[in-house]
Amino acid sequence: MIKLEQIHRDFQVGDQVVHALDDINLEINQGEYLSVMGPSGSGKSTLLNLIGMLDHPTSGRYYLNGKDVTELDELEEAQTRNTNIGFVFQAFHLVPRLTAAENIELPLILAGISPEERKPKVENALELMHLTDRAHHKPEQLSGGQRQRVAIARATIMEPSVILADEPTGNLDQKSGHDVIKTLESLNQKDMTLIVVTHDQALGDRSHRAIRMVDGRIEQDIKNSGRHDTNQ
Amino acid sequence: MQIRDFLRLTGTSILAHKLRSFLTMLGIAVGIAAVVLLTSIGEGIHKFVLAEFTQFGTTLVAINPGKTTTMGMSMGVFGTVRPLSIEDAEALKKLPFAKSVVGFVQGNAEIEGNNRSRRTTVYGTGHGFPVAFSMPVRSGRFLPPDDPVAPRAFAVLGSKVKSELFGNVNPLGKLIRIGGDRYRVIGVMESKGQVLGFDLDDTVYIPLARGLELFNREGLVEIDVMYYEGTNVDQVVTGIKRVLMARHGREDFTITTQQQMLDVLGSILDILTIAVGAIGGISLLVGGIGIITIMTISVNERTSEIGLMRALGARNSQILSLFLGEAVVLSAIGGIAGMILGIGIGQLLAVALPALPVHTPWTFVVLAESVAVFIGLAAGVIPAMHAASLDPVEALRAE
Ligand SMILES: Nc1ncnc2c1ncn2[C@@H]1O[C@H](COP(=O)(O)OP(=O)(O)OP(=O)(O)O)[C@@H](O)[C@H]1O
Ligand SMILES: [Mg+2]
C-alpha cells in the first residue's frame, strides 16, 4: 500500500521556485492499476520518482506498506528499491554491453543472490516474456518491444509489490506498445500494484483508476472499474 | 554483490572498450616496466659493488689514526693525536685472534727500471698483505717477514707496472729505483684488475718502514687486522682497543669493521636504487593520470547507466566499488604486463651488456604490483566518488 500525505516537491531554478508537486495526497491499495495523465510538466515523472524513492519530497510523508520511508537511510532505501519497486522507463535503459539475460539478472546480482539461484528465475522470466530465444542477444539486436519486455522482466525479477512505468509505450509502435501494456496488466493480475504514466487516453482508459495532474496537483481521481478488458 | 559477479561486471565494461582499456593499461605497464627495470639495474649495481668489496674477505678490521665522532668530525683537530706506528702494528700481531696484521702507507712515486720510468702508486706494507687481501703473488715471493724497523730494500711489482717497465723480460732479481733509492724486485703480483676505478695492478709494494721514509710520514695511514673466522667481531674490536689504549694512553684512533663499511656502502647504494626508482615513478604517475582520464570519461558516458543501477537498488558503495574495481583491474593488469616487460628487458640487457649488472629481487616484483594496484585505487577514487554521488533522477535523464 502506498500513502502520500501533503507531499511537496520544489525545485529551485535560479531565483524561482518550481512547485513540481504541490500538496499531493494519495492512497493506492495493493494490486491497484492506476494511470497518471496530464500535460507536460505537470509533475507526473516527479511523482513516480518519488514513489520509487529515487527522489525525496521537500515536505510531507510517504508510507510504503505501512512504513514511513521518508526516514530511511541510503542503504535501506536502496534495499527497498531493489526488493519492492520495479521501474520501467520510456527509454528502456538496458545496459548495452550485457545480454538480455544478463540485464534481467542485474537486480538479483545487486542483491547478492548466487548464480545457481538466479538461473531458474531468469529462465522463468525470459519464458514469461517470450524472450527465451533472445536470452543471449545484446539490446542492439532486439526490437523496441523486445527491449521493453526485457526491461519489464528486469523490473519484476525481484517480485516487487509496485511497478512504476513512465510512458512505457512512448518509444514503441502501436502493436509493440499494446503487447507491452498487456504484459504489464498480466503482472497486475498477480497482485502487483501497477502505476503507468501515459499521454495516451486509450491507455489511461484501460486502468482501474485514472489520475489527472495539472501544475503539480491532482485535478481528477476517477475509478473506471469494468472498462478494462483483459481479453482485448 | 558476490565477488565473481563483481569481477564479471568489471570485466565486461573493460572489454566493452578494448582499445581504450589496452592503451590505459599500456600507460601503467610502461611506468611499472621503467620502475622495475631501473630498480633492477640499481639493485644489480648494489650487489656488484658489495661483491667487489667483499672479495677482500669479510674478517677485516681497519684502524685509522684520529677519533672520528658520530658527527663525522675528527677529534684530531682539537687534541694531539699520536700517529699509528710500526710498533703499534707489531703489538697487535700478538693478539690471539689476529691471523694477519698489515700496516699501510701509500703515495705516488716515480719508478725507474729497465731504462724506463713510470709514475705509480706505491704501497708501504708488510708480509701479511697477500693473505689479508686475498691478493696472490704470480711469480717470485712477497715481502719477507724482515725486521719491521729495518727491512731490506725489496720491491714487489703489480702486474701492470711489471709489463710497462719490463715487458716480457723477467724482472725478478732486477734493480729498480723508487724516489732515488734502489730496490731489488723479488716478486710480481697476480693481475687483479680494477676495483671501482682503482687499478690494483698499477702498484708497487715496498716494506712499510721504507714507505714511511719515502713519503716522509710520521705514522701509518691504516692498520688492517684480519682475524680468524668464527671470532666474535666485538671481541676483536675490544681486543684491539685494549692494546692500542695501553700504548697511546687514550682512544685517538678509529676502528672500522668490514661490516660497518658494508652497512654504510649498502645504505648509500639503497639510496641510489630508490632514486632511480623514483625517476621511473614519474612515468608511472603519467600512467596514473591516464587512468583518471579514462575513468572520468567512462563515468560521464555511463551516467544514465549509473541512474539505472540506482533504480534497480544499487547502493552508493556498490557504484563506487564497481568503478574503483575497474580502475584497479586496469592498473593491476597493466602492472603485471609492465613487470613482464621490465624483467624481460632486464634479461635482454643482461645478455646484451654483460658488464651492466641487473638483478630483480622478488620483493621488487611484489612491491611493483602493489604500487600498480595502489595507483589504480588512487586514480579511480575521484571519478568513482563522482559516480556514486550522482543524483539518480538526474543521471537517468542523461543520454
Ligand atoms: N531537476 C529539476 N530541476 C528543476 N526543475 C525540475 C526538475 N525536475 C523537474 N522539474 C520541473 O518540475 C516540473 C514537473 O516535471 P516532470 O518531469 O515531473 O513533468 P512531467 O509531468 O513528467 O512532464 P512530461 O509529460 O513532459 O514528462 C516541470 O516544470 C519541470 O520543469
Ligand atoms: Mg515525464
Side-chain angles (χ1 to χ4, degrees), chain A residues 9 11 20 45-56 73-99 102-118 138-139 151 154-158 160 164 166, chain B residues 1-22 294 297-326 329-330 384-385 387-399:
Chain A
R9 179 64 172 106
F11 290 106
S45 296
T46 306
L47 178 69
L48 220 60
N49 289 334
L50 208 130
I51 293 173
M53 298 164 69
L54 285 176
D55 200 359
H56 300 100
D73 63 19
E74 192 265 329
L75 179 72
E76 293 167 321
E77 252 180 26
Q79 269 165 357
T80 312
R81 275 201 295 272
N82 184 249
T83 52
N84 278 319
I85 293 164
F87 283 97
V88 178
F89 304 97
Q90 178 177 0
F92 318 133
H93 281 300
L94 300 181
V95 179
R97 56 182 182 281
L98 301 181
T99 64
E102 288 167 340
N103 265 288
I104 292 170
E105 69 178 346
L106 272 178
L108 298 166
I109 289 176
L110 290 171
I113 293 166
S114 72
E116 297 74 37
E117 252 182 284
R118 294 199 303 255
K138 296 271 171 70
R154 185 178 62 189
T156 54
I157 193 84
M158 297 293 291
L164 305 173
D166 197 345
Chain B
M1 210 180 332
Q2 303 202 337
I3 292 283
R4 49 187 162 168
D5 292 321
F6 175 79
L7 291 177
R8 211 164 51 88
L9 282 180
T10 308
T12 55
S13 44
I14 287 174
L15 287 175
H17 298 281
K18 292 195 183 64
L19 179 65
R20 184 160 108 181
S21 302
F22 170 75
I294 283 306
I297 291 172
S298 185
V299 169
N300 283 336
E301 281 176 353
R302 283 152 64 191
T303 300
S304 81
E305 183 186 317
I306 293 164
L308 167 83
M309 295 294 264
R310 297 291 300 280
L312 297 181
R315 277 173 271 143
N316 287 348
S317 60
Q318 285 176 317
I319 303 283
L320 182 87
S321 52
L322 275 173
F323 280 93
L324 216 49
E326 232 174 284
V329 168
L330 279 175
M385 285 199 346
S389 68
L390 287 175
D391 175 60
V393 177
E394 298 280 328
L396 274 167
R397 247 203 299 248
E399 208 38 72

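Remember, predicted model here, so these are calculated numbers, not experimental data. Lettering of chains follows the sequences in order, A, B, ..., and the numbering in each one begins at 1.
Separating the CZ atom in A:R97 from the CD atom in B:E305 is a distance of 4.0 Å, to the nearest 0.5 Å. In this structure, CG on A:N82 lies 8.0 Å from CD on B:Q318, to the nearest 0.5 angstrom. Remark: B:L312 CG to A:I157 CD1 distance equals 11.5 Å, nearest 0.5 Å. For the atom pair CD1 (A:I113) and CE (B:M1), the distance works out to 12.5 Å, reported to the nearest 0.5 Å.
Heavy atoms of A:L98 lying under 4.5 Å from chain B belong exclusively to its side chain. For A:T83, no part lies under 4.5 angstrom from a heavy atom of chain B. If you measure heavy-atom distances from A:E102 to chain B, the contacts under 4.5 Å come from the side chain alone. The parts of A:D55 that come within reach of chain B are both its backbone and its side chain, each placing non-hydrogen atoms under 4.5 angstrom from that chain.
Contacts with chain A (heavy atom to heavy atom, under 4.5 Å) involve these residues of residues 7-15 of chain B, listed by number: B:R8, B:L9, B:T12, B:S13. Contacts between residues 104-112 of chain A and chain B, defined by a heavy-atom separation under 4.5 Å, are made by A:E105, A:L106, A:P107, A:I109, A:L110, A:G112.
With contacts defined as side-chain heavy-atom distances shorter than 4.5 Å, the pair A:F87/B:L396 does not qualify.
In terms of modelled atom types and a separation under 3.5 Å, the side chain of A:R81 and the main chain of B:R310 share a donor-acceptor contact.
Considering only heavy-atom pairs separated by less than 4.5 Å from chain B, the leading option among A:P115, A:G52, A:P96 is A:P115. Looking only at heavy-atom pairs under 4.5 Å with chain B, the residue among A:H93, A:M158, A:M53 that has the most is A:H93.
Around CZ of B:F22, the count of heavy atoms belonging to other residues, nucleotides or ligands within 6.0 Å does not exceed 12.
The two residues A:A78 and B:A314 have their closest heavy-atom pair at CB-O, 3.9 Å.
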